Amino acid sequence: MKSIDNMPKTYDPKGTEDRIYENWMSKGYFHAKVNPDKKPFTIVIPPPNITGQLHMGHALDNTLQDVIIRFKRMQGYETLWLPGTDHASIATEAKIVDKMASEGLRKEDVTREQFLERAWAWRREYGGRIVSQLKKLGSSCDWERERFTMDEGLSEAVTEVFLRLYEKGLIYKGERITNWCPRCNTSLSDIEVIYEEQEGHFWYINYPFEDGTGSLMIATTRPETLLGDVAVAVNPEDEKYKPLVGKNLILPLVGRKIPVIADEYVELGFGTGAVKITPAHDPNDFNVGQRHGLEIIPIMDSKGFINGNGGKYSGLDRFEARKQIVKDLEAEGLLVKTEPHRHNVGTCQRCGTTVEPFVSSQWYVKMKPLAEPAIEAVRKGDTAFVPQRFENIYFNWMENIQDWCISRQLWWGHRIPAYYCNKCGRIIVAKEAPEACPDCGSDDIYQDPDTLDTWFSSALWPFSTLGWPRRTPELSYFYPTDVLVTGYDIIFFWVARMIFSGIEQMGEVPFRKVLIHGLVRDELGRKMSKSLGNGIDPLEIIKDYGTDALRYSLISGNSPGNDQRFLTSKVEFARNFGNKLWNATRFALMNFDENPDFSRLDKSKYTAEDRWILSNLNYVIKEVTDNMERYELGVALTKITDFTWDLFCDWYIELVKPRLFDTANSTRLECQYVLNQVLVTVLKLLHPFMPFITEEIYGNLYKDCESIMISAWPAYDPELNDPAAEKSLGTVIDAIKAIRNIRTEMNVPNSNRTEVIFAAEGEVASVIGKSSGAIQRLGYASSITVTADTGEAPKDSASAIIPGVKIYIPLRQLIDIDKELARLTRELDNINGELSRVRGKLSNEGFISKAPEKLVLQEKEKEAKFEALRLETLKRIDDIKALMNS
RNA sequence: GGAGGCGUAGCUCAGCUGGUCAGAGCGUUCGGUUCACAUCCGAAAGGUCGAGGGUUCGAACCCCCCCGUCUCCACCA
């Protein structure tokens, strides 16, 4: 049975992809082992959240990784792509809380243990969803090594790191002002706050002096914080206010006596020049307060309601309180005016709620000592970003880094390994709860209720997943990893933190390269988002077009670091391309002998087109390999496509048909061999990008070969480069194009075969002669004649002149002289244009003397070529004109 | 207030270290039932590479400035 029987006219990914993926899995191709005989190549996956569903961002990110890992696997590396998921403390906790809300329960209604049981149940139920979606993408992850950030081992790593950093004094607990989300009811790190511009107001308020000598006007965007004011600050250089410093004001609505203080934080000339100071609810005010030893009066609880310090406003929501306070100030005549004011408001990255700066006791990582070596490592190039410009973003952030607030008032996550003695207050940081307080001996000890920022555990991902803190063989073999692939939106959250964690814990950067990609946007260039409802589901695309088409569309035309739009037309193109390759294979198989005996192959019988296609294929191998090594995957894919579709399908296969159709042809076997050779090479080059269809085709082509994914990456072989064949085929192709062009312009229908006469000599004549069968076929010619150049054109013929050859098509009554003249005149214009450009260069002394010799020579050759063409074309035009006049 | 990206055919975008770089796909127009493929084949039209200046023998590519646009960081009450 011929393999072609398994190949319908159109490739259908349905069913095929799952079957192939299961086969790969069952063969264990994805599994990596410690193998001293091979060089390792490692990628750790950016672990998707267990709350996540596959979106286009994941699809792009993981396709990139899969392309790279498949490429490296074929190159012979021991490749590990280590997968896993992230517990995503805040996101998952929010999901659980939501789910409980639907049951009419609040978080407070259950115990911590009950809550965690729900969370684990949730993880069991949904945590695998994203994993199975990644498999649909074709991801060749080593699933045997799948990890979860709250696995026992990874949790152990978290505790270990916490302990180590604590012992080095790099983790501390402090009473500070932090960003707080009243809805999530937890502290946030600086980067979890998203600033967005909102319409707000400037309220101008008079604060009366204690001594009754008038009042001082301040401006604020958050009047409710007035309840916590402890001072009003002015710039020490402000002449207007200098005399007032030291005097006391009466805080409106509250009646508290507060001083006027001088502090440089107040900017001269902005607003009223006087700033109310609320250390408990504003980071800048907090700093001012610290400098001046001011009291901190918190006026809100953790959920954003005014607390007992707020007097009659106590119990009101912060925004309610704002309204009420403005109203009351107005009533007391202290509100001077209200102005509209656009300003940035911090919102919670997770839920969008306005963040409230809040003084609380939190755990922090001291960043400066960790950041320095991390900056240095990237400067030295131990880790390089692709594209490099992202290093600036990294440096900028790392150099100005603030301490990292790592404690969260959440339950789902790694609980902070700190214990407190209830009796003496001693803090004990340890792996296990101590039996008794080392200071006072009390056994009344409790663990810190807080958990760690999710990113604290993700920061350890490149080594915790490999077994750290144990010195496993995997760790020493696969670490440091080779490339990390992620979006630019996650550089601060994750990449930077992995770098300093890797250096600190492992003494070595976690990865050599960071490949940064952009966002996948919708057709209009908008960010895909839930609220806009413009997201495109990758799984839908896979259903409609197949995984390969999706992958292709995400990689082609994409360059590192840049956003891209998702266009359905691209997916269609990709599907069509797969189909093209599919059919090229069908063609090959149809024209192969049952069991071709390639041992009888005689390479000396290769024709020009054989050598030509092999030569070009060879260049493609080199270029594609180079591009892929540099992570220019989009460029690589384009080159494979162009070669396959244009050179291979449209030219080589067409040129070679006469040889294949003639079973007696003496070079038929060679042709079959080359066809097969090119095809399988293209399949291999393409496999990382389109793994399924290439595997399916490969299976049809080679019944006895195991799998393309474990085959060897094509090698560049300089021996195959054949400039002579390239030149010959260049002439043949140009000739065919010229003939087609003439025929189209003259409106000659395909059914009307015409005679074609070539006037050429020597080498060129021989080339044309040898390819006459193909030219006849592709040029719709009734016959091909090669003659010596007499300078005379056959009667009533259209003509084209290409270097070394004149082509005549006697059209008899079909000839339209006017059209022919117009065509030739246009041709002449082009030639003249080229000629003047070349001559311009050559007449430039600077060019002659300074440009590389080779280039000058090239231009001179060009001049000669175009001059010859010009003369010939001119002559043709004259001939035609003469014809018209006769 | 800092930093950066983008602005190339109607649309979406490639163009690495300056010298066939003016390209691709889609779309458009015209023509095709060629025995692999209409998810196809052939032919064509379309751009002074945002504007201006500079460096250079030579610039879409380097420098300056401007315009438009997007993003990140900082965050002035």
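Letters A, B, ... are given to chains in the order of the sequence lines, protein chains preceding strands, and every chain is numbered from 1. Worth saying up front: this structure is predicted, and the values here are computed from it rather than measured.
Under the 4.0 Å criterion applied to side-chain N and carboxylate O atoms, Arg291(A) and Asp263(A) are assigned as salt-bridge partners. The pair Glu523(A)-Arg565(A) does not meet the salt-bridge criterion, since no charged nitrogen lies less than 4.0 angstrom from a carboxylate oxygen.
Residue contacts for Glu654(A): at a heavy-atom cut-off of 4.0 Å it reaches a base atom on one of the strands shown. Here Lys657(A) lies in heavy-atom contact (under 4.0 Å) with a base. Within the nucleic acid shown, Ser559(A) comes within 4.0 Å of sugar-phosphate atoms alone, with no base atom in reach, counting heavy atoms only. As judged by a 4.0 angstrom heavy-atom cut-off over every strand, Ile653(A) is placed among the base-contacting residues. Among the heavy atoms of the strands lying under 4.0 Å from Trp645(A) are primed sugar atoms or P, OP1, OP2 only; no base atom is included. Nucleic acid contact for Pro749(A): none, since no nucleic acid atom lies under 4.0 Å from a heavy atom of the residue. Arg222(A) comes within 4.0 angstrom of nothing in the nucleic acid, heavy atoms only. Looking at heavy-atom distances under 4.0 Å, Tyr195(A) makes contact with a base. Residue contacts shown for Thr638(A) are absent, as no nucleic acid heavy atom lies under 4.0 Å away.
U29(B) and C70(B) have their C1' atoms separated by 36 Å, given to the nearest Å. Straight-line distance between the P atoms of U20(B) and C62(B): roughly 16 Å, to the nearest whole Å.
Remark: Glu399(A) CD is packed, more than 12 non-hydrogen atoms of other residues, nucleotides or ligands lying under 6.0 Å away. Applying the 6.0 Å contact sphere to CD of Glu199(A) captures more than 12 heavy atoms from other residues, nucleotides or ligands.
Of the candidates A77(B), C57(B), G5(B), the closest approach to any side-chain atom of His341(A) belongs to A77(B). Set against U56(B), A77(B), A36(B), the side chain of Phe587(A) has A36(B) as its closest nucleotide. Taking the side chain of Leu855(A) as heavy atoms from C-beta on, and the options A77(B), G19(B), C37(B), the nearest nucleotide is G19(B). For Asn750(A), the listed nucleotide lying nearest its side chain is U34(B); candidates were A36(B), U34(B), C73(B). The side chain of Ala851(A) approaches G19(B) more closely than any other nucleotide in the set G19(B), A77(B), C72(B). Candidate nucleotides A38(B), G4(B), A77(B) were compared by shortest atom distance to the side chain of Val266(A), and A77(B) ranks first. Distance from the side chain of Cys649(A) is smallest to A36(B) among G4(B), A77(B), A36(B). Comparing C57(B), A36(B), C72(B) by their nearest atom to the side chain of Asn844(A) picks out C57(B). Proximity note for Arg389(A) (side chain, C-beta onward) versus G5(B), C37(B), A77(B): the nearest is G5(B).
Considering only heavy atoms from C-beta on, Val732(A) comes within 4.5 Å of Leu655(A) through its side chain. Proximity of Leu647(A) to Tyr652(A): side-chain heavy atoms (C-beta onward) are nowhere separated by under 4.5 Å.
Counting only Watson-Crick and G-U wobble pairs whose two key distances fall under 3.5 Å, RNA chain B forms stems of three or more stacked pairs at B:1-7 with B:67-73, B:10-13 with B:23-26, B:28-32 with B:40-44, B:52-54 with B:62-64.
Taking 4.0 angstrom as the limit, Lys9(A) places a side-chain polar atom (N or O) nearer than this to OP1 or OP2 of C37(B). At U12(B), one or more side-chain N or O atoms of Arg565(A) fall inside 4.0 Å of OP1 or OP2 (strictly under the cut-off). An OP1 or OP2 oxygen of C40(B) is reached within less than 4.0 angstrom by a side-chain nitrogen or oxygen of Asn576(A).
At whole-Å resolution of the value, CZ in Arg575(A) and C1' in A38(B) are 12 Å apart. Put simply, CD on Glu834(A) is 12 Å from C1' on A22(B), counting in whole angstrom units.
Ring to ring, Trp404(A) and Phe492(A) are not that close: their centroids are 6.0 angstrom or more apart.
Checking Phe395(A), Tyr394(A), Tyr631(A) one by one against Phe385(A), the ring-ring contact (aromatic ring centres under 6.0 Å, His included) holds for a single residue, Tyr394(A).
The nearest heavy atom of RNA chain B to Gly846(A) and to Thr585(A) marks one nucleotide each, and the one closer to the 5' end goes with Thr585(A). For the pair Val635(A) and Arg777(A), both in contact range of RNA chain B, the more 5′-proximal nearest nucleotide belongs to Val635(A).
Identified under the ring-ring contact (aromatic ring centres under 6.0 Å, His included) test for residues 541-560 of chain A, with sequence neighbours left out: Tyr552(A)-Phe577(A).
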Distances for protein N/O vs nucleotides 42-45 of chain B N/O pairs under 3.5 angstrom?
unit_1 : atom_1 : unit_2    : atom_2 : d
G42(B) : O3'    : Arg740(A) : NH1    : 3.4
A44(B) : OP1    : Asn741(A) : ND2    : 2.6

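Below the 3.5 angstrom threshold, one finds a donor paired with an acceptor across the side chain of Asn344(A) and the base of C75(B).
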